[in-house]
> 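Let me give you the structure first, and then I'll get to my questions.
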Amino acid sequence: MSTSPDPRPLTGEPVSLDLLNTRWNHEGVVRDLLTGTEGLAVWLAGNGLDFPADDTVLRHTLEARDALRAVIDAPRGPGDGQGGTESDGDPADTGPRLPAQAAARVDALLAHGRVRLTLTARGPGETPEFDDPSWGPAWLAARNYLELLDTAPDRIRRCAHDACILHFFDTSRNGTRRWCSMAACGNRAKASRHYARTKES
């Protein structure tokens, strides 16, 4: 079955962030790709996820999106420059902290699957297994978020433009990317600053 073109302004991010990016702001109106199974089919195909685009998968995927947004957009604790704390009382623990309730929501998603280690003629590998396959896309997105946290948590970013709700994983060499797209949000921010300077003079 062929799917419709993906209408989103930003695609190709890691699957956890790409799931968040199924909501975007277009000329002041929030659009949502996942309002039905047709949009789910577009998202699944875009991420190479071979699962049925049915109502149950959609419900679980939306649950994952909400849980990931809660944990990614929440202020973090010491060490990440975002302020806020969520400590378990260990004075030696000075790393970044995730809000406990938001982390628990993602943890609940992860309870629906596991990784089975394998060894084949091609060598060692991993195979995801799910207690119910309809949780597959949600679980894979949650697991991907853990992989990003393990790789470079400080590079999981929300676009710096005030009106933008898109997220990205900063793969720039020096880690200074601020915009979902320089051509879109970056240029809009520059134009706004230029207009403000012109108005003042």
Side-chain angles (χ1 to χ4, degrees), residues 3 6-25 30-35 39-53 56-77 80 82 86 95-115 126-161 164-172 175 177-181 185:
T3 57
D6 195 327
R8 298 177 296 152
L10 179 64
T11 58
E13 290 297 326
V15 66
S16 56
L17 303 182
D18 194 71
L19 178 55
L20 292 187
N21 292 343
T22 55
R23 290 178 75 249
W24 70 99
N25 196 334
V30 174
R31 302 288 178 90
D32 190 342
L33 182 65
L34 300 183
T35 57
L40 175 63
V42 171
W43 182 75
L44 291 171
N47 284 281
L49 300 176
D50 187 18
F51 293 88
T56 305
V57 172
L58 177 61
R59 186 173 67 253
H60 294 158
T61 303
L62 288 172
E63 186 175 329
R65 184 176 72 176
D66 291 344
L68 288 167
R69 177 171 291 107
V71 77
I72 290 172
D73 284 348
R76 298 258 199 342
D80 71 350
Q82 295 184 39
E86 190 79 34
R97 306 291 294 170
L98 300 171
Q101 284 186 319
R105 291 176 66 185
V106 175
D107 190 56
L109 295 171
L110 293 165
H112 292 283
R114 67 205 58 79
V115 174
E126 297 181 351
T127 302
E129 296 181 334
F130 314 108
D131 54 8
D132 174 350
S134 66
W135 282 101
W139 185 89
L140 290 168
R143 181 179 186 228
N144 173 252
Y145 174 60
L146 266 60
E147 291 168 345
L148 297 183
L149 281 178
D150 194 45
T151 302
D154 57 321
R155 291 192 174 217
I156 301 170
R157 306 260 171 88
R158 180 172 170 161
C159 180
H161 194 285
C164 187
I165 58 175
L166 294 173
H167 296 75
F168 59 89
F169 188 68
D170 184 1
T171 57
S172 67
R177 180 178 167 190
R178 297 182 60 211
W179 318 106
C180 64
S181 162
C185 287

> Closest heavy-atom contact between Leu109 and Ala64?
CD1-CA, 3.5 Å
> Could you note down all residue pairs passing salt bridge (charged side-chain N to carboxylate O under 4.0 Å, His left out) where residues 9-20 supplies at least one of them, sequence neighbours left out?
Arg8-Asp18, Glu13-Arg177
> Name all residues meeting the side-chain hydrogen bond (donor to acceptor under 3.5 Å, both in side chains) criterion together with Ser16; count only those two or more places apart in sequence or in a different chain, and write none if there are none.
Asn144
> Testing the basics here: between Ala142 and Leu110, what is the closest heavy-atom pair and its distance to 0.1 Å?
CB-CD2, 3.8 Å
> Using atom types as modelled and distance alone, determine if a side-chain donor or acceptor of Asp6 lies under 3.5 Å from a backbone N or O of Trp43.
no
> Would Arg59 and Leu62 satisfy side chain to side chain contact (heavy atoms under 4.5 Å, CB included), going step by step from the backbone distance to the final call?
CA-CA 5 Å; Arg59 186 173 67 253; Leu62 288 172; 6.0 Å; no
> Minimum heavy-atom separation for Trp24 and Pro9, please, with both atom names.
CD1-CD, 3.4 Å
> Can you check whether Leu20 reaches Arg65 side chain to side chain, under 4.5 Å on heavy atoms?
yes
> Which residues pass the side-chain hydrogen bond (donor to acceptor under 3.5 Å, both in side chains) test with Ser172, not counting sequence neighbours?
Asp170
> I'd like to check the salt bridge (Lys or Arg N to Asp or Glu O under 4.0 Å) partners of Asp132; sequence neighbours left out, ordered by chain and number.
none
> Taking all heavy atoms of Trp135 and all of Glu63, pick out the closest pair and write down the distance.
CH2-OE1, 3.5 Å
> Could you tell me whether the side chain of Val71 reaches within less than 4.5 Å of the side chain of Arg105, counting heavy atoms only?
no
> Looking at Pro137 and Thr61, what are the two nearest heavy atoms and their distance?
CB-OG1, 3.9 Å
> Under 3.5 Å, is there a donor-acceptor pair between the side chain of Arg157 and the main chain of Asp154?
yes
> Any idea which heavy atoms bring Ile165 and Arg158 closest together, and the distance?
CG2-NH2, 3.1 Å
> What distance separates Leu17 CG from Thr22 OG1, expressed to the nearest 0.5 Å?
11.5 Å
> Quick one: CG on Leu166 to CZ on Arg23, what's the gap to the nearest 0.5 Å?
10.5 Å
> Give a yes or no on whether the backbone of Ala138 and the side-chain of His60 come within a donor-acceptor separation of less than 3.5 Å.
no
> Is there a side-chain contact between Leu68 and His167 (heavy atoms, below 4.5 Å)?
no
> Check the pair Leu19 / Arg69 against side chain to side chain contact (heavy atoms under 4.5 Å, CB included), numbers first and verdict last.
CA-CA 9 Å; Leu19 178 55; Arg69 177 171 291 107; over 6 Å; no
> Return each pair, listed once, that meets salt bridge (charged side-chain N to carboxylate O under 4.0 Å, His left out) where at least one residue sits in residues 137-147; pairs must be two or more places apart or across chains.
Glu126-Arg143, Arg143-Glu147
> Would you say the side chain of Leu140 lies within less than 4.5 Å of the side chain of Phe51, judging by non-hydrogen atoms?
yes
> Quick one, Val57 with Ser134, criterion side chain to side chain contact (heavy atoms under 4.5 Å, CB included). Give me CA distance, side-chain angles, the key distance, then yes/no.
CA-CA 5 Å; Val57 172; Ser134 66; 3.9 Å; yes
> Residues two or more places apart in sequence or in another chain: which of them pass ring-ring contact (aromatic ring centres under 6.0 Å, His included) with Trp139?
Phe130
> A side-chain contact here means heavy atoms from C-beta on lying under 4.5 Å apart; do Thr11 and Asn21 qualify?
no
